[in-house]
Amino acid sequence: METVITRFPPSPTGSLHIGGARTALFNWLFARHHGGKFVLRIEDTDVARSTEESTRGIFDGMEWLGLEWDEGPYYQTQRLDIYKEYLQKLLDMGHAYYCDCSPDELDARRKEAMAEGRKPKYDGRCRDRGLGPGPNRVIRFRCPDSGTTVLNDLIKGPIFFDNAELDDLVLQRSDGIPTYNFVVVIDDVTMNITHVIRGDDHVNNTPRQILIYQALGAPLPQFGHVPMILGQDKAKLSKRHGATSVMAYKAMGFLPEALVNGLVRLGWAHGDQEIFSREELIQYFSLENIGKSPSVFNLEKLLWLNAHYIKESEPHTLVPLLKPFLEKRGYPAKPDGYVGEAVRTLQTRVHTLEEMADGMKFFLVDDVEYDPAAAKKFLTPTMQEAFDRLIPVFESMEVFNEENLEKAFHQIVVTEMGLKLGKVAQPVRVALTGGTVSPGLFEIIGVLGKETVLKRLKRALEHMKSQ
RNA sequence: GGUCCCAUCGUCUAGCGGCCCAGGACACUGGCCUCUCACGCCAGAGACACGGGUUCGAUUCCCGUUGGGACUACCA
């Protein structure tokens, strides 16, 4: 069996977005599953809209998601000679011809046809004029005007197109740059692509491409058209649906494995399984399990997945990923080991690294800021006695760890003072964190350390006295 | 308008004629756990778009209707 070769051909006219990333992921998985190759190709023939910045953004996104390519990146603008060669072939064989209809004329005729209820397709008036090259001339493909073209789609099954519906598409613009539908075929042919997996917004382009393959006498690859990802309003995902760029998710504190897991489940399933490691994905992935209907992107589920991966991570692996978020907030730098301990206390409580950075503030700043409402409610004069008794015990504690802390706390509050644990826990929490919500009290005391804990407890005591 | 695609809980989906008065997950509601918040656990509510066929039997097959989407460029 021949080696599977897939490709991802983004056009660098914007950042790598969710839909493109999923297409890339599917192609990558398909190649990996079959032990084949994955090619990256930059489709930059739209010179006016292509930017280097977008190209870099695409690389960054692919790298972040871990979708390494085996070949490329190829740039179409560097392959112009190849296209010229094939174009000449088509011209020589009579499958293509020059046309000098201006865009304005075309536009007018299109409108006219629409108004009269006719198909707004090119009327083929330059087909047999035998025009040669010249300024302001494009090259068109001569489409057969009868017959049927069949697309045997791996995902959707056979789809039939009437050739009469297709028109003579432009292969080369008047500026000499070839167009997408032509170039994509030449690239896929010359790069020996065996499987073209792409969004189903390309379905209607496929018969034209198949016709070009046939005109060239080139073997057809297998096609698999994946249903689109839609926004909440069920329309094609676009900027107005909020964050669509992959890197925006990185900036929001998502882990790449969460995004990969979330993306792959949009359209693809393996029974009831929700969580997949990269290895499992490679092992299980197949086109047969891709659904036919479009899916709506759902942030809630992605948040849950992210929370899951944060929970499952080793705390120290999260530290370097978290740092940029900490720095952005201007927190004082602390040793990695300490940050790792703080991370551990927050893992089950956050959905993103952003939330984690926010929730970590009291571990890192020198003096906590009291939430006014919390201070008013819990740092009351009646709590003085408990704090007065807690401080010396903590102070004299030899081994300042979670277990001893909890024992001592329980002894004083419950046994000696006859109070419920919660009665004193909340005031202590406010003293240490400034607020009423935090990880377990003894966990944070253990991480914060004796010195800081005593300092904050004493400060809270002063605060109570001044009430 | 034309061509093409699609249709299971709010969302992602399982289902490939009887195992389904439809299963899982997120979100939601209630409870348990508990020093707060989470996590975790248990329970609950929630869908086969509609109408015809085919069949002993349709969520599953066929047709139509409706609804949604894509394409219809000298964009990709």
Side-chain angles (χ1 to χ4, degrees), chain A residues 9-13 43-46 48-50 76 99 101-103 106-107 110 113-115 117-122 136-140 151 153 156 159-162 165-167 169-175 177-181 183-184 198-207 225 227-228 230 232 234-236 262 265-275 288-289 291-305 307 311 346-351 359 374 378 406 409-410 413 420-430 433 435-442:
Chain A
S11 69
T13 53
E43 307 221 324
D44 54 356
T45 53
D46 184 354
R49 295 195 305 147
S50 295
Q76 294 185 323
C99 162
C101 297
S102 77
L106 256 19
D107 203 43
R110 218 182 336 260
M114 288 272 254
R118 301 197 325 269
K119 292 180 200 310
K121 56 181 257 189
Y122 177 67
N136 295 107
R137 286 182 186 177
V138 301
I139 298 176
R140 286 184 183 274
L151 160 58
D153 198 89
K156 295 177 183 284
I159 304 173
F160 301 87
F161 297 90
D162 227 328
E165 294 293 337
L166 278 17
D167 63 357
L169 68 155
V170 170
L171 300 178
Q172 184 183 80
R173 301 177 176 86
S174 52
D175 63 2
I177 306 284
T179 60
Y180 167 75
N181 277 304
V183 161
V184 72
R198 64 204 342 182
D200 72 4
D201 47 342
H202 286 285
V203 167
N204 285 307
N205 283 324
T206 310
H225 286 95
M228 306 262 83
L230 273 22
Q232 298 290 340
K234 307 245 180 181
K236 192 178 178 179
R265 287 287 289 105
L266 246 36
W268 178 82
H270 183 258
D272 284 338
Q273 189 169 344
E274 296 287 349
I275 306 288
E288 293 87 79
N289 294 311
K292 292 183 181 183
S293 49
S295 38
V296 175
F297 180 72
N298 179 221
L299 187 65
E300 301 287 346
K301 194 152 184 177
L302 187 62
L303 282 166
W304 171 77
L305 276 167
K311 225 175 301 168
L346 286 158
Q347 277 176 294
T348 61
R349 290 163 229 271
V350 299
H351 296 92
F378 294 108
E406 183 155 11
F409 197 91
H410 196 273
V413 177
K420 299 249 278 191
L421 205 63
K423 188 80 182 157
V424 183
Q426 277 305 72
V428 172
R429 171 168 282 113
V430 176
T433 71
T436 56
V437 174
S438 84
L441 201 55
F442 306 108

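Reckoned from all heavy atoms, side chains included, excluding hydrogens, waters and symmetry mates. Residue numbering restarts at 1 for every chain, and letters A, B, ... go by the order of the sequence lines.
At a threshold of 4.0 angstrom between heavy atoms, the contacts of Lys420(A) with the nucleic acid are absent. Nucleic acid contact for Phe297(A): none, since no nucleic acid atom lies under 4.0 Å from a heavy atom of the residue. Across all strands shown, Pro294(A) has heavy atoms under 4.0 Å from sugar-phosphate atoms exclusively, and none from any base. Across all strands shown, Cys101(A) has heavy atoms under 4.0 Å from base atoms, whether or not it also approaches the sugar-phosphate. Within 4.0 Å of Pro10(A), counting heavy atoms only, lies no atom of the nucleic acid at all. Contacts of Val138(A) with the nucleic acid, taken as non-hydrogen atoms under 4.0 Å apart, include base atoms. No contact: Thr13(A) has no heavy atom under 4.0 Å from any strand. Ile159(A) comes within 4.0 angstrom of sugar-phosphate atoms only, judged by non-hydrogen atoms across all strands, and of no base. Residue His202(A) is classed as a base contact, given a heavy-atom separation below 4.0 Å to a base. Nucleic acid contact class of Thr436(A) (heavy atoms, under 4.0 Å, all strands): base. At a threshold of 4.0 angstrom between heavy atoms, the contacts of Phe409(A) with the nucleic acid are absent. Residue Gly267(A) is classed as a sugar-phosphate contact, given heavy-atom separations below 4.0 Å to backbone atoms only.
Both distances falling under 3.5 Å, in either a Watson-Crick or a G-U wobble arrangement, occur for no nucleotide opposite U36(B). With both pairing distances under 3.5 Å, U54(B) is matched to nothing as a Watson-Crick or G-U wobble pair. Here C16(B) sits opposite no nucleotide as a Watson-Crick or G-U wobble pair (both hydrogen-bonding atom distances under 3.5 Å). Pairing for G30(B) goes to C42(B), judged as Watson-Crick or G-U wobble with the two contacts each under 3.5 Å. Nucleotide U11(B) is matched to A25(B) when pairs are restricted to Watson-Crick or G-U wobble geometry with both distances under 3.5 angstrom. Judged by Watson-Crick or G-U wobble contacts below 3.5 Å, the nucleotide C71(B) has G2(B) as its partner.
Shown here for Arg49(A) and Asp46(A), the closest heavy-atom pair between the two residues is NE-OD2, 2.7 Å. For the pair Gly199(A) and His225(A), the tightest heavy-atom approach, listed with the atom from each and the gap, is O-CD2, 3.4 Å.
As a whole-Å value, the separation of Leu305(A) CG from U11(B) P is 18 Å. When the C1' atom of A27(B) is taken as reference, atom CG of Asn298(A) falls 8 Å away, rounded to whole Å. Residue Glu43(A) contributes atom CD, which lies 11 Å from atom C1' of C75(B) at whole-angstrom precision.
Around NZ of Lys420(A), the count of heavy atoms belonging to other residues, nucleotides or ligands within 6.0 Å does not exceed 12.
For the OP1/OP2 pair of U13(B) and a distance below 4.0 Å, the side-chain nitrogens and oxygens of Lys301(A) include no atom meeting the criterion. Between Arg110(A) and U72(B) there is no side-chain polar atom (N or O) within less than 4.0 angstrom of OP1 or OP2. In terms of phosphate contacts, Ser11(A) brings no side-chain nitrogen or oxygen within less than 4.0 Å of OP1 or OP2 of C75(B). The shortest distance between the side-chain N/O atoms of Ser295(A) and the OP1/OP2 oxygens of U13(B) is below 4.0 Å.
Distance alone, capped at 3.5 Å, is enough to place a donor-acceptor pair between the Arg173(A) side chain and the Pro178(A) backbone.
Within 3.5 Å, a donor on the side chain of Arg349(A) pairs with an acceptor on the base of C37(B), or the reverse. No hydrogens or angles were tested; on distance alone, a donor-acceptor pair under 3.5 Å links the side chain of Ser174(A) to the base of C74(B). Between the side chain of Asn205(A) and the base of A76(B), at least one donor-acceptor pair of N or O atoms lies under 3.5 Å.
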Which atom pairs link the protein and nucleotides 46-51 of chain B when you take only N or O atoms and keep those under 3.5 Å?
none

Pairwise N/O distances under 3.5 Å, protein to nucleotides 59-61 of chain B:
none

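Comparing the C1' positions of U3(B) and A49(B) gives a spacing of 24 Å, expressed to the nearest Å. Distance noted for atom C1' between A14(B) and C20(B): 11 Å (whole Å). For the P atom pair drawn from A76(B) and G69(B), the interatomic distance equals 25 Å after rounding to whole Å. Spacing between U59(B) and A7(B) at atom C1', rounded to whole Å, works out to 12 Å. Nucleotides U13(B) and G2(B), compared at atom C1', are 34 Å apart to the nearest Å.
Qualifying side-chain contact (heavy atoms from CB on, under 4.5 Å) partners for Asn205(A), counting only residues two or more places apart in sequence or in other chains: Tyr180(A), Asn181(A), His202(A), Arg208(A), Gln209(A).
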